[in-house]
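Notes follow the structure.
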2 protein chains.
Amino acid sequence: MTQDAFSETLITTASDQVFVDMRREIVEGSIEQGSKISEPELAKRYGVSRATLREALNRLESCYLVERKANVGCRVVALTAERLIEVYQVRSALEGLACRLAADNMAPDEVQSLKQLLNQHLQTQRVKEGESYYQEAGDLDFHYRIIKGSKNDHLIHLLSNGLYQLIRMYRVQMGMVGPRVSKAFDEHLAIINAIENHDGELAELLMKRHIRASQANIQTKFNLHAAQNERAEQ
Amino acid sequence: MTQDAFSETLITTASDQVFVDMRREIVEGSIEQGSKISEPELAKRYGVSRATLREALNRLESCYLVERKANVGCRVVALTAERLIEVYQVRSALEGLACRLAADNMAPDEVQSLKQLLNQHLQTQRVKEGESYYQEAGDLDFHYRIIKGSKNDHLIHLLSNGLYQLIRMYRVQMGMVGPRVSKAFDEHLAIINAIENHDGELAELLMKRHIRASQANIQTKFNLHAAQNERAEQ
DNA sequence: TTCTTTAAGATTGTCGACAATTCGTATTGA
DNA sequence: TCAATACGAATTGTCGACAATCTTAAAGAA
């Protein structure tokens, strides 16, 4: 029994393993967005029976990475502009809430530890300029810690097991290593300060604004991406 | 192929049917909250194989009505005071968002139809005082229409396939037929007016307040319920 | 007695095969 | 040439049986 990094999923059964593996492949694009999933084919590829694979597919559906139709089958979600907007509207509302709750419920040592993490990120970034570490894993870590700081288990589950994989999928496949790094750092700092001051209202507002900026950033990349694809199709 | 009333679930397969049936039994309390679910027993009861039942269990887990542990099994969620608070915090944020979006995106005829529905409810309620129709199905219908009015498919799915069954479970099992009917009606009216005026900010605020009042109401019943159970155990 | 160990029973996880449905193709008719 | 239909291949849904794991309870040691 081992543990998965991104959602703290305990891996005990074979279907757990297939679930985590497929999730990574979908998020990273090894399994192409919008593509049809053949149960017999994938079962053979992962070396498990169809029952086990179907169990994994069910859980991928729960976190919005695949869509099923009865008697027709499964396909990977398509990354559309509309869906991006929808998901970010929901994310903004939920993480805003998480931030407000965290201002009340986060333990002092959790806050200190998060501030420390931010400093660490800043230095790492200054030393190895251009590395994408902060932007990808670091940003996720920051958000994840605040989400956990809300102490609302339902909310935590909704975000980390539900929305975040889809958000990661957009970020990874759009190649998010943009120039928003230092700006995002300042925003993160302001948010953690508001939380430290137990100013939930401000923390919520700042987080919503931060997420809106992030959305705009991804949307730009998305349009660029879409334009490239159009050109490629001609 | 038929259709389910509460979440517009298309019922095509056997597991669909089991899912909808079990969901109703759990929400209504026929299958007791917190109880362990035996796969062989329930499979026999519904006249399906374990594979079919497990498919249904997976989907019940997706809407938070059962919880699974690997190699241990499934139990129905326990209705605790803590969970009630958590769920309502999330509900407030999400339906607040839905309301704000609905102020922009709801079609004029949808708004008119909803106003008409409200009037109809008012009259039904006045004529048959004491009937619980409005409180249960009517209230749900009102909220559901606004959620759909947001035109955000992800949000719609999150609420109607995810949270609402759990909320219904609390309401039904706490016996929500209280005296909040006429007050809720006024609040509903204010909300739909704000939506009609495209005042998303106000609509969001009013909805959040409305949900907070509803939460307080349920919480009161819950404590009453808990006190009764304590007395019964002595 | 209390704690640990062990074995039996029951439950869940996984598998391969069969049944039901859908999809692509070819054939037929206008 | 096009539309509709019917057939066959492939895919999904469902089943019953076996393997792996957990739980319970009894037996033994401290």
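Within every chain, numbering begins at 1; the chains are lettered A, B, ... in the order of the sequence lines, protein sequences first and strands thereafter. No hydrogens, no waters, no symmetry mates; every other heavy atom, side chains included, goes into these values.
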Distance check needed: [N] [atom2] versus [X] [atom1], whole Å only.
X	N	atom1	atom2	result
A:Asn71	C:dT21	CG	P	7 Å
B:Arg75	C:dT12	CZ	P	11 Å
B:Lys69	D:dA20	NZ	P	24 Å
B:Ile37	D:dC22	CD1	C1'	18 Å
A:Arg59	C:dG13	CZ	P	10 Å
A:Asp16	C:dT12	CG	C1'	13 Å

Go through the structure and list residues passing side-chain contact (heavy atoms from CB on, under 4.5 Å) with [X], not counting sequence neighbours.
X	answer
B:Cys74	B:Ile37, B:Leu57, B:Val66, B:Arg68
A:Ala56	A:Val18, A:Phe19
A:Ala81	A:Phe222

Which residue pairs satisfy the ring pair (Phe, Tyr, Trp, His ring centres under 6.0 Å) criterion with at least one member in residues 57-92 of chain B, sequence neighbours excluded?
A:His154-B:Tyr64, A:His157-B:Tyr64
Quick test of your reading: applying ring pair (Phe, Tyr, Trp, His ring centres under 6.0 Å), list the pairs with at least one residue in residues 34-59 of chain A, sequence neighbours left out, ordered by first then second residue.
none
For a salt bridge (Lys or Arg N to Asp or Glu O under 4.0 Å) check, start with the C-alpha distance between B:Arg59 and B:Glu55, then their side-chain angles and the critical distance, and finish with the verdict.
CA-CA 7 Å; B:Arg59 293 165 62 185; B:Glu55 178 87 23; 5.3 Å; no
Counting only non-hydrogen atoms, which of residues 45-57 of chain A are less than 4.0 Å from DNA chain D?
A:Arg50, A:Arg54
Measuring to OP1 and OP2 of [N], would you say a side-chain N or O of [X] lies under 4.0 angstrom away?
X	N	value
B:Ser15	D:dT14	yes
A:Lys36	C:dC23	no
A:Arg68	D:dG13	yes

A:Glu39 side-chain proximity, nearest of C:dT11, C:dT14, D:dG13
D:dG13
